[in-house]
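All values below come from the heavy atoms of this structure, side chains included, with hydrogens, waters and symmetry mates left out. Just so it is clear, the model here is predicted, and its values are computed rather than measured.
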Amino acid sequence: MQKKQSSRVVIALMAAGTMAFSSLAAAHAHLHASVPADNAQVTSSPDALTLNFSEDIEAAFSGVTLLDSHQKPVATAKARVAADHKKQLIVGLPQPLKAGDYQVNWHVLSVDGHKTSGHYRFSVK
């Protein structure tokens with residue numbers, strides 16, 4: 001009888017640990033989609049970079065750096081969160097991008113205080 005009860009306690013603890021870990025993992029803003037998309041080949045320069053995240057983000061602590069194929073920074077407008085969609089970070093491009101490869105490095109702070117960062121690439125033909 002005691003062995004059966006011990007097994008139930010172990011299973012309950014494992015289930016609680018799994019649920020706690022999965023809720024922590026879900027508490028970070030992950031990049032869900034972008035325009036241009038990762039590895040996209042666009043025929044003309046976009047007017048802006050648009051990054052969509054899994055949860056609301058804080059504009060004051062989020063940003064994007066755009067690098068050209070020589071890893072040199074490309075001028076962008078300041079990153080802003082869309083007024084009607086707090087999961088969307090928009091970075092205007094004041095000048096059209098030249099043909100070539102680009103890397104987008106991003107970092108965000110979600111509204112619950114978790115920081116995440118990443119990067120993706122696209123090219124302009």
Side-chain angles (χ1 to χ4, degrees):
M1 177 76 175
Q2 188 169 351
K3 189 175 185 179
K4 193 173 188 180
Q5 203 169 22
S6 295
S7 295
R8 288 183 182 159
V9 169
V10 169
I11 290 170
L13 288 172
M14 289 174 58
T18 301
M19 288 175 20
F21 178 74
S22 65
S23 67
L24 286 175
H28 293 61
H30 298 284
L31 183 63
H32 272 213
S34 60
V35 177
D38 186 20
N39 294 317
Q41 294 182 346
V42 297
T43 55
S44 62
S45 175
D47 294 330
L49 305 175
T50 304
L51 291 76
N52 295 298
F53 292 90
S54 58
E55 61 184 67
D56 291 357
I57 55 176
E58 293 284 351
F61 302 101
S62 302
V64 169
T65 302
L66 181 63
L67 303 175
D68 66 16
S69 60
H70 302 291
Q71 297 297 298
K72 300 228 187 277
V74 176
T76 64
K78 184 177 178 181
R80 64 181 175 83
V81 173
D84 59 341
H85 189 38
K86 302 295 183 192
K87 297 179 182 182
Q88 190 173 74
L89 189 65
I90 301 168
V91 181
L93 299 173
Q95 300 293 322
L97 298 176
K98 297 177 183 175
D101 297 324
Y102 294 89
Q103 179 174 315
V104 178
N105 296 329
W106 57 267
H107 65 276
V108 296
L109 178 71
S110 60
V111 293
D112 64 3
H114 291 101
K115 297 177 186 178
T116 54
S117 61
H119 66 273
Y120 69 92
R121 296 178 177 277
F122 70 94
S123 61
V124 178
K125 289 190 168 200

Indicate the atoms forming the closest heavy-atom contact of [X] with [Y], along with that distance.
X   : Y    : value
H28 : K115 : CD2-O, 4.0 Å
A77 : P94  : N-CD, 3.8 Å
Q41 : S123 : CG-OG, 3.2 Å
K87 : D56  : CG-OD1, 3.2 Å
Q88 : I57  : C-CD1, 4.5 Å
S62 : A79  : O-CB, 4.3 Å

Do the non-hydrogen side-chain atoms of [X] and [Y] ever get within less than 4.5 Å of each other?
X    : Y    : result
S34  : N52  : no
Y120 : L51  : yes
S110 : T116 : no
L93  : L66  : yes
I90  : R80  : yes

Check: H30 main-chain N/O paired with S54 side-chain donor or acceptor under 3.5 Å =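 At least one qualifying donor-acceptor pair exists.
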So, does S117 use its side chain to make a donor-acceptor pair with the main chain of H107 at under 3.5 Å?
-> no
Answer yes or no: does atom CD of Q71 have more than 12 heavy-atom neighbours from other residues, nucleotides or ligands under 6.0 Å?
->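 Buried by this count: over 12 neighbours within 6.0 Å.
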More than 12 heavy atoms from other groups under 6.0 Å of CG on D47 =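 Not buried by this count: 12 neighbours or fewer within 6.0 Å.
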To the nearest 0.5 Å, tell me how far K86 NZ sits from F53 CZ.
->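 The NZ atom of K86 sits 15.0 Å away from the CZ atom of F53.
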Can you tell me how far CG of L97 sits from OG of S45, rounded to the nearest 0.5 angstrom?
-> 3.5 Å
Going by atom types only, do H70 and D68 share a side-chain donor-acceptor pair under 3.5 Å?
->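 No - no donor-acceptor pair under 3.5 Å links their side chains.
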Give the C-alpha distance, both sets of side-chain angles, the deciding distance and a yes or no for side-chain contact (heavy atoms from CB on, under 4.5 Å) between L67 and K72.
-> CA-CA 5 Å; L67 303 175; K72 300 228 187 277; over 6 Å; no
Take D38 and L31, measure what side-chain contact (heavy atoms from CB on, under 4.5 Å) needs, and give me the verdict at the end.
-> CA-CA 11 Å; D38 186 20; L31 183 63; over 6 Å; no
How far apart are the C-alpha atoms of V104 and V91, what are their side-chain angles, what is the distance that settles it, and do they pass the side-chain contact (heavy atoms from CB on, under 4.5 Å) test?
-> CA-CA 11 Å; V104 178; V91 181; over 6 Å; no
Go through the steps for L89 and V81 under the test side-chain contact (heavy atoms from CB on, under 4.5 Å), then give the verdict.
-> CA-CA 5 Å; L89 189 65; V81 173; 4.2 Å; yes
Please state whether the rings of F122 and Y102 are parallel, tilted or perpendicular, taking 30° and 60° as the class boundaries.
->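 Aromatic pair F122/Y102 classed parallel.
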